[in-house]
Every structure is written in structure tokens, then in C-alpha cells.
Protein chains: 2
Amino acid sequence: MTEQHISLEIAPSSGVPIYRQIIEQVRRMVASKQLKPGAELPSVRSVAQSLAVNPMTISKAYSLLEAEGVLQRQRGKGMIVSSNLPESQSEDQRLHLLQPAIEQIITEARQLEIGRETLLKEIKARYKE
Amino acid sequence: MTEQHISLEIAPSSGVPIYRQIIEQVRRMVASKQLKPGAELPSVRSVAQSLAVNPMTISKAYSLLEAEGVLQRQRGKGMIVSSNLPESQSEDQRLHLLQPAIEQIITEARQLEIGRETLLKEIKARYKE
DNA sequence: TATGCTGTATTAATACTATAATACACATAG
DNA sequence: CTATGTGTATTATAGTATTAATACAGCATA
């Protein structure tokens, strides 16, 4: 079964549609090779159950990821990460996927008049690796 | 007229409803006193025009902010920042409003396997104050 | 008083998001 | 073959988001 045990999460009150939150998470995990080409994704029904959402919502996310080329469908089995993906993502390329979040947090910090050093200090404190 | 010249922005492709983006920005500017109690907000129609959006969408945001107590309506004139707001927001309190964005960017960085130092360096480079 | 500015209400239409309950074709393990 | 597991399609329903075109009441001022 090769359980990858990846965990998908949603922020119910964020305003971002559930299927989009799923898509973005899978995209990031594929880009970082936490999900390698050929890896199986958890089934639509299991994700739906653990997130307490409708299976069709997860199916929609998977379908769009398939259309995007990130996933491949295996009839009767499940979804796997595409085997023919653009070459290994360098850290610079992955950083590109993080840009929107960086722009967002800087905008919010500016509007809150929270200076750069305070922001950096806060992230340093919260980001345990 | 006391033009405050505050600028509201939206990210059309973010999935977050426009009226929620407006609400969050105003909340932050009020918390940081960039919008002080009594300050006039730009009119529904002017914001709608500059964002190329329907006036009712902005009106909805303003109405919800009024219900929340952040804004007060002046019939026939416009919206102003409430005069009886909870006392001055300390930086700690403002930092609280930033927590969701911090959680979000750390989650994304982890999924992209971008380490703390890389993240900090990138923010430092982008945040010019 | 007339003009022009506020926010808002109304009605209608459209689109998107999500849920629920079924059903189907396919694959695989027993 | 049977049972169970894939993803997906269908139909119906609901709530939300957004737009459009009007209209109205209140305020300010020339």
C-alpha cells in the first residue's frame, strides 16, 4: 500500500475554497518532492472523511490537479504523482511558489505598522524546524 | 475633505471574497492608527471605481465593519472610524492580528521544504521599510 | 431650492462552492 | 465470482458572491 501518510489540512474560516486549499498543498508537496513521482495519494473518500467534507470536493481538487499535469489517474486504483514532471525543483524555484505568501505577509505587516525586525523575530520564534 | 489617501487593494485571483479583503485591510489600518478615530473613509463609489468592482460589494464590507463596531455611519456623508474603540493597540496586540498570516507562511514553507533561514532571508530582502 | 455627494435597498441574473444520495466502470484481493 | 476499493458522473439543493440597473433619503453647498 505504500502509505505516504501525508496530511492535508484546511482552514475552514479562511474564505479560500476547500478545493483550492487542497490543490495548493499538493502542489507544494510535489514541488518539494515530499510527494515523489509515482507516489500514491490518499483516496478521495479517506481525505473527505478526515476533513469532514464532501468527497466530490476532494475529487474536484484531484481532477484539476490532473488537468494541470501534477497528478495522473489510475483507473480503478487511485491518483499518483505524475512521472513526467518538469525537472527537479531547485530551492529558487520553490521559493517562487512562496512569493504570494511573502507579498501577503509583508502587506499585512505594513498595514499593521509592524516593522521588519519584529516580523522576522516573530517568524523565527514560531518556525521550529 | 481631509483626503486620507488610503489605498485599498484586492488580489483578484486569491479566492478570498473581495468584501473580506476590504474588511481585513481596514481592520489592520485601524488597529495601527493609520486610520485614526474620526477619519473619513473613501466613498463606496470611489473605491468601487478604482478597484473596478461593484459598489454594493464595498457597501457590504463597510456595513459589516459598522456592525463590528470599527466604523460609524454618518447619514448623507460617509463612513468614519469609530471614536469609541478599545484603547490603543499595542504592538503585541497588532501582532496578534498577524498570526494567521504567520501560520500560513510557515506551513507553506514547510511543505515546500524551505528552511527557516531561507525564509527569513527572503522576507528581509523583500521588506523595505 | 437645486445639485451633487453620501450609504443603502431592491430586484434580477449569473456564477461559484459545497453538500447529499446514488450509481457506474474499473481494478484487485480473497 | 464476489467483495471491496478506486475516481467520477448525475441530480438536486443550498448558500454565498458578484454584478447590474434603479431608486431613495439624508447631507452640504452654491
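We name chains A, B, ... by the order of the sequence lines, and we start the count at 1 in each one. Quick caveat: nothing in here was measured; it's all calculated off a predicted structure.
Counting side-chain heavy-atom gaps under 4.5 Å among Ile, Leu, Val, Met, Phe, Trp and Tyr, A:Met56 is found in no cluster with other residues. Taking Ile, Leu, Val, Met, Phe, Trp and Tyr as members and joining any whose side-chain heavy atoms lie under 4.5 Å apart, directly or through other members, the hydrophobic cluster of A:Ile123 also contains A:Leu95, A:Leu97, A:Leu98, A:Ile102, A:Ile105, A:Ile106, A:Leu112, A:Ile114, A:Leu119, A:Leu120, A:Tyr127, B:Leu95, B:Leu97, B:Leu98, B:Ile102, B:Ile105, B:Ile106, B:Leu112, B:Ile114, B:Leu119, B:Leu120, B:Ile123, B:Tyr127.
The CD atom of A:Glu40 sits 13 Å away from the C1' atom of C:dT28 (whole-angstrom rounding). Rounded to whole angstrom, the span from the CG atom of A:Asn54 across to the P atom of C:dT22 amounts to 14 Å. The distance between atom CD1 of B:Ile10 and atom C1' of D:dT19, rounded to the nearest whole Å, is 13 Å. Rounding to whole angstrom units, CD1 of residue A:Ile80 and P of C:dA27 are separated by 14 Å.
Partners of B:Glu117 by salt bridge (charged side-chain N to carboxylate O under 4.0 Å, His left out), not counting sequence neighbours: none found. Taking B:Glu108 as the reference, A:Arg28 meet the salt bridge (charged side-chain N to carboxylate O under 4.0 Å, His left out) condition, with sequence neighbours excluded. Here A:Glu24 pairs with nothing under the salt bridge (charged side-chain N to carboxylate O under 4.0 Å, His left out) rule; sequence neighbours left out. For A:Thr107, the side-chain hydrogen bond (donor to acceptor under 3.5 Å, both in side chains) test picks out no residue, with sequence neighbours left out.
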Checklist outcome for this item: Per-nucleotide protein contact along nucleotides 4-9 of chain C, 5' to 3', at a 4.0 Å heavy-atom cut-off (B base, S sugar-phosphate only, - neither), is -BBBBB
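Residue pairs that meet the side-chain hydrogen bond (donor to acceptor under 3.5 Å, both in side chains) test with at least one member in residues 49-60 of chain B, sequence neighbours left out, do not exist here.
OP1 or OP2 of D:dA17 has not a single side-chain nitrogen or oxygen of B:Thr57 nearer than 4.0 Å.
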Checklist entry - How far apart are the C-alpha atoms of A:Lys77 and A:Glu40, what are their side-chain angles, what is the distance that settles it, and do they pass the salt bridge (charged side-chain N to carboxylate O under 4.0 Å, His left out) test? => result CA-CA 9 Å; A:Lys77 301 174 75 177; A:Glu40 299 172 358; 5.9 Å; no
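Residues from residues 12-30 of chain A that place a heavy atom under 4.0 Å from any atom of DNA chain C, listed by number: A:Pro17, A:Ile18, A:Tyr19.
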